[in-house]
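See below for the structure under consideration.
Residue numbers begin at 1 in each chain, while the letters A, B, ... track the order of the sequences.
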Amino acid sequence: MTDKASQPDHSKPGDATEQIQIPLKELIKTRRDKVTKLTSAGINLYPYRYERTHVITELLENFDTMANDETVVRLAGRVMLRRKMGKASFADVRDGSERLQIYVKLNNVGQEGYDLFDTIDLGDIIGCEGTLFVTRTGERTLKVTSFEILTKALHPLPDKHAGLVDIETRYRRRYADLIVNPEVREDFIKRTKIIRTIRDFLNNNDFLEVETPILQPLYGGGMALPFKTHHHRLDRELYLRIADELYLKRLLVGGFEKVWEFCKDFRNEGIDRLHNPEFSMIELYWAYADYRDMAAMFEQMLRQVVFELHGTYRIPYHDHEIDFEPPFKWISMIDSIREETGVDFSGMSFEQATAAAKKLGVTGDGLINRGKVIEAVWEAKVEPTLIQPTFIADFPFEISPLAKKHREKEGLTERFELFIAGLEMGNAFSELNDPVDQLQRFLQQGKALEAGDDEAQPLDDDFITALMYGMPPTAGLGFGVDRLIMILTNKHNIRDVLLFPQMKEMKEGSVPVSKILAQIVDEESTGDTE
RNA sequence: GGGGGUGUAGCUCAGGGGUAGAGCUCCUGCCUUUUAAGCAGGCUGUCGAAGGUUCAAAUCCUUCCACCCUCACCA
């Protein structure tokens with residue numbers, strides 16, 4: 001078919017004059033040729049709108065009645081399969097709700113219409129009008145009396161049976177993944193549903209949804225490396241937020257008593273199955289409450305979200321069944337270590353704790369204070385064992401610079417984290433509101449920064465100023481939305497709950513599709529075809 | 001960053017020093033209730049990239065790139 005008389009130009013890759021010789025080009029060209037041919041025949045393959053009477057689920061719900069009444073209906077969707085038998089054809093059309101078979105017969109659409117239907121490729125988006133009937137094999141079907149092409153697809157669809165399996169392509173071209181893998185679509189609908197349920201819960205509990213800066217002059221509220229950027233007019237460094245905590249607390253100072261934010265946060269750290277550089281957190285702050293109150297509310301929220309999605313409190317996650325029926329287990333960090341190892345770290349000095357940790361086989365570079373040592377022991381010995389929802393409470397003072405000192409326990413803070421299936425699902429404090437204490441914590445963090453802890457938090461002068469105006473006693477909570485969704489949709493990798501996960505740049509080995517298209521169009525205009 | 005694995009047609013995958021393979025897609029023909037429609041015929045490849053070994057490399061070696069799993073650190 002293709003004339004190979006002219007040798008491909010073996011110039012450098014990326015050279016625009018290089019002749020692309022791959023099958024994909026022929027597939028695209030075949031489709032493109034249909035467009036030019038039909039366009040010159042006066043048919044617009046990219047029209048502006050189509051008047052639908054129903055989406056497919058609506059047709060299926062009222063199928064018998066509408067079939068009996070021979071109601072004329074109009075639907076639109078993508079052609080997923082085609083079965084041609086001479087002068088009649090079947091096709092499967094999928095819209096945003098469901099799939100339906102259509103039946104296109106020469107007698108019903110005329111020669112011109114049937115010829116047009118012949119040009120349709122898998123992936124094209126069409127609109128059709130007709131009546132409903134059931135085939136003799138029992139399949140509910142639309143008998144088409146007229147149709148039009150609403151969008152011509154130039155790129156072929158993945159395999160109609162096997163679908164799109166390659167994980168890398170699924171992430172890089174999520175649109176293709178969504179077209180051919182309906183279960184992926186379902187998972188992302190679940191994501192939206194989960195977030196909506198949380199939003200409803202917070203609204204119903206009189207929490208005010210607010211928005212605070214993503215571009216921050218100073219980062220804080222978490223332990224992480226930030227993304228840095230530069231504002232030209234202001235000529236100053238700005239950071240993408242790693243958390244919104246310090247801004248929400250300023251609102252507590254300002255008199256809002258229950259606030260929350262759905263926040264996109266950014267952390268300049270590794271990418272793996274649990275981490276994406278941008279991710280979603282929900283943070284909420286509740287005046288006149290403490291961390292115990294927050295734990296009770298968090299339980300109720302999760303309970304409601306789980307039930308809303310699954311209709312039960314016990315859900316599968318990999319090899320486990322997770323039971324979300326409150327109350328969740330509550331245990332202090334130090335007690336949990338003692339339960340697991342028999343070693344009691346309470347009251348230990350830095351030196352004693354280091355020695356005890358060493359005996360347990362826990363050592364490391366970053367263990368620069370007592371709190372870090374205890375945390376490291378806990379992470380090694382306890383965290384992996386936490387399958388059922390468990391609150392770990394009362395973290396060491398040194399690793400909790402924004403939490404209030406524990407009202408009874410020396411060296412600890414009023415802080416909990418929730419763990420489910422070994423994943424951290426939330427972090428909450430009785431929020432530190434004594435400006436002097438907070439100032440001292442910041443100064444201590446400054447020392448940690450100097451000591452090589454590059455995740456220690458910088459001093460935020462305006463935040464201290466705000467606390468000097470007075471923040472009421474407050475409980476605060478932040479939790480990772482993506483991880484919660486992972487648990488609730490039984491996904492092992494954060495990329496499966498992010499529509500467009502961060503990927504490295506593709507550098508070699510593939511021809512840009514747009515370049516193929518540009519070359520085809522170029523050949524059309526120069527008449528250099530066939 | 002360490003260890004293990006993968007990369008072959010648009011998609012799903014075989015092959016494994018000597019002519020590049022299959023199914024689906026696509027193209028042509030037949031077929032007016034099929035359904036992964038069927039039947040007959042046909043087109044299609046920088047075998048991830050760059051080097052090396054060899055008479056000969058998709059295959060063996062080295063380096064690099066991307067992706068997956070895993071370990072260490074962070075949500």
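B/G45 makes up no base pair with any nucleotide shown, lacking Watson-Crick or G-U wobble contacts both under 3.5 Å. Nucleotide B/U19: unpaired (no Watson-Crick or G-U wobble partner with both distances less than 3.5 Å). If you check B/A36 for Watson-Crick or wobble pairing at under 3.5 angstrom, you find it has no partner at all.
Ring planes of A/F395 and A/W378: tilted class, angle from 30 to 60°.
For the contact set between residues 275-284 of chain A and RNA chain B, defined by any heavy atom under 4.0 Å, the members are A/H275, A/N276, A/F279.
For a distance-only test at 3.5 Å, the side chain of A/E139 fails to qualify as a donor-acceptor partner of the base of B/U34. Donor-acceptor pairing under 3.5 Å, judged by distance alone, is present between the side chain of A/D159 and the base of B/G23. Between the side chain of A/R83 and the base of B/U34, a donor-acceptor pair under 3.5 Å is found. For B/U32, the base has a donor-acceptor partner in the side chain of A/N107 [N/O atoms by modelled type, under 3.5 angstrom].
Mapping A/I22 and A/A88 onto RNA chain B via the closest heavy atom, the residue that lands nearer the 5' end is A/A88. Taking the nucleotide of RNA chain B with the nearest heavy atom to each of A/F133 and A/L81, the more 5' of the two is matched to A/F133.
The residues A/K29 and A/E523 are annotated as not salt-bridged, no charged nitrogen and carboxylate oxygen being separated by less than 4.0 angstrom. Salt-bridge annotation for A/D482 and A/R191: present, with a side-chain N of the basic residue lying under 4.0 Å from a carboxylate O of the acidic one. With respect to A/K447 and A/E398, no salt bridge is recorded, no charged nitrogen being found less than 4.0 Å from a carboxylate O. In this structure, A/R83 pairs ionically with A/D92, as a charged nitrogen and a carboxylate oxygen lie closer than 4.0 Å.
Of all nucleotides listed (B/C68, B/G45, B/C74), B/C74 comes nearest to the side chain of A/D272. Distances were taken from every side-chain heavy atom of A/D121 (C-beta onward) to each of B/A66, B/U44, B/C27; the shortest belongs to B/C27.
Residue-level contact check: A/K105 touches the bases, meaning some heavy atom is under 4.0 Å from a base atom.
For the pair A/K143 NZ and B/U32 C1', the computed distance is 12 Å after rounding to whole Å.
Distance check, rounded to the nearest 0.5 Å: CD of A/E269 to CD1 of A/I242 gives 8.5 Å.
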